[in-house]
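I have placed the structure first, in the form of structure tokens, so that the comments after it can refer back to it.
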Amino acid sequence: MIACFGKEQVKSFDVEKQLNYCNKQLHKTLVAIQKKDCMPRNIPDSLTTWQLVSVEIGEWTVGFWPGILWYNYENTLYKQDADIATYYTDLLKPLTTLPAYDHDLGFQLFCSYSNAYRLTGKEAYKQILLNAADTLATLFNPTVGTILSWPREVTNRNWPHNTIIDNLINLEMLYWAAKNGGDKKLYDIATQHAEISMAHHFREDGGCYHVTLFDTIDGHFIKGMTHQGYADSSLWARGQAWAIYGYTMVYRETQDKKFLRFAEKVTDLYLSRLPENEFVPFWDFDAPDIPNEPRDASAAAIVASALLELSCLEDNKQKAEEYKTAATNMLMELSSDKYQSRETKPSFLQHSTGHWPDKSEIDAAIIYADYYYIEALIGYKKMLTASVDN
Ligand code: GLY
């Protein structure tokens, strides 16, 4: 990691304090869920305990809890923290040999097993990731040039070849596999998906559609629409967060400047639409009842993590500074008493919105907000350490 913080920034945010807070909250969750064969998913606003989900193919969030436990182990380095991360990672084993149900295989297996492999070097984890990447690639349609995100919606909703913006995140598993002994074609699949998405998933201003539909016969783009946002052409906060994170990662993997320029474009739109002097967005930037709409802390956590990395990858010093400052402000706001759950719930964060049109997970604590929050804190700590060392 390159030195990314100047001396004046080194003291601006107490990252150790926030990581200790995460460790404390996470152990509250462990006591509450008592090694049940389930993963925490959300805590609705009206409740104080996690709603659990069993490890099953359709549940896209099951990899986040093991991922959180690995990040926590990365910080504490206590053997018992690695043991508990191993226990929950192993619960995902049934998913590792199934055919691809949808693109979420990446969220499920990469957030968990890639951290497990990175921190333990266990060969078995590597093999699981290589297999999972091959499985995910079976959803790639070469006529369109993207992965089919939701096979079930081909008939359920008559969405011929559908690709959702979240799918960008799962390209990382393909890039990882191509670099770690897997088929080199996985790199090309990921890059082609990123290119086609860049061409069709975005409006002129850089705002993304949640869902894009393509024709399966000749691959032409049919239309862009929403599923979890307010309207087809509105700026759904988490969708844009996935785009920022996705193109930052694609640039890191390809070193192709067109992806860096695009990551800047999608980021600059997001930053320009944030409420003045606030860093956690409303769930959709175009929701009709702002400022009375619920927020989405998960979007802020995803963007904070992405912008820390983007600031290090930047070739433009001014932009690097701007993104680093924005990410730090996001982390500071997320770490305030407004967004941290503290004594009220065992999650790290509250005030995320999962699926507003479905009236589900509104103003809730949601596991992926916690995952990207601790990922960003770990990233921040590494950048700080690199700055102090240099
Ligand atoms: N991947 C689904 C979501 O962002 O809610």
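It should be emphasised that the depicted structure is a prediction, and the values quoted were computed from it without experimental measurement.
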Would Lys179 and Trp176 count as a cation-pi pair here, with the cationic atom under 6.0 angstrom from the ring centre and within 45° of the axis?
no

Going hydrophobic residue to hydrophobic residue with side-chain gaps under 4.5 angstrom, can you get from Leu139 over to Val211?
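No, no single cluster joins them.
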
So, [X] versus [Y], ring centres under 6.0 angstrom or not?
X: His227; Y: His355; result: yes
X: Tyr368; Y: Trp60; result: yes
X: Tyr71; Y: Tyr371; result: yes
X: Tyr209; Y: Phe202; result: no
X: Trp236; Y: Tyr270; result: no

May I ask you to decide whether [X] forms a salt bridge with [Y], counting only side-chain N to carboxylate O separations under 4.0 Å?
X: Glu172; Y: Arg252; value: yes
X: Glu278; Y: Arg295; value: yes
X: Asp205; Y: Arg273; value: no
X: Asp284; Y: Arg238; value: no
X: Glu333; Y: Lys338; value: no

Would the number of heavy atoms belonging to other residues, nucleotides or ligands and lying under 6.0 Å from CD of Gln318 be above 12?
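It does not: Gln318 CD has 12 such atoms or fewer within range.
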
Provide the closest heavy-atom pair for Phe285 versus Leu274 in the form atom of the first, atom of the second, distance.
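Looking at all heavy atoms of both residues, the shortest contact is CE2-N, 3.8 Å.
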
Going by atom types alone, do Ser149 and Thr163 pair a side-chain donor with an acceptor below 3.5 Å?
no

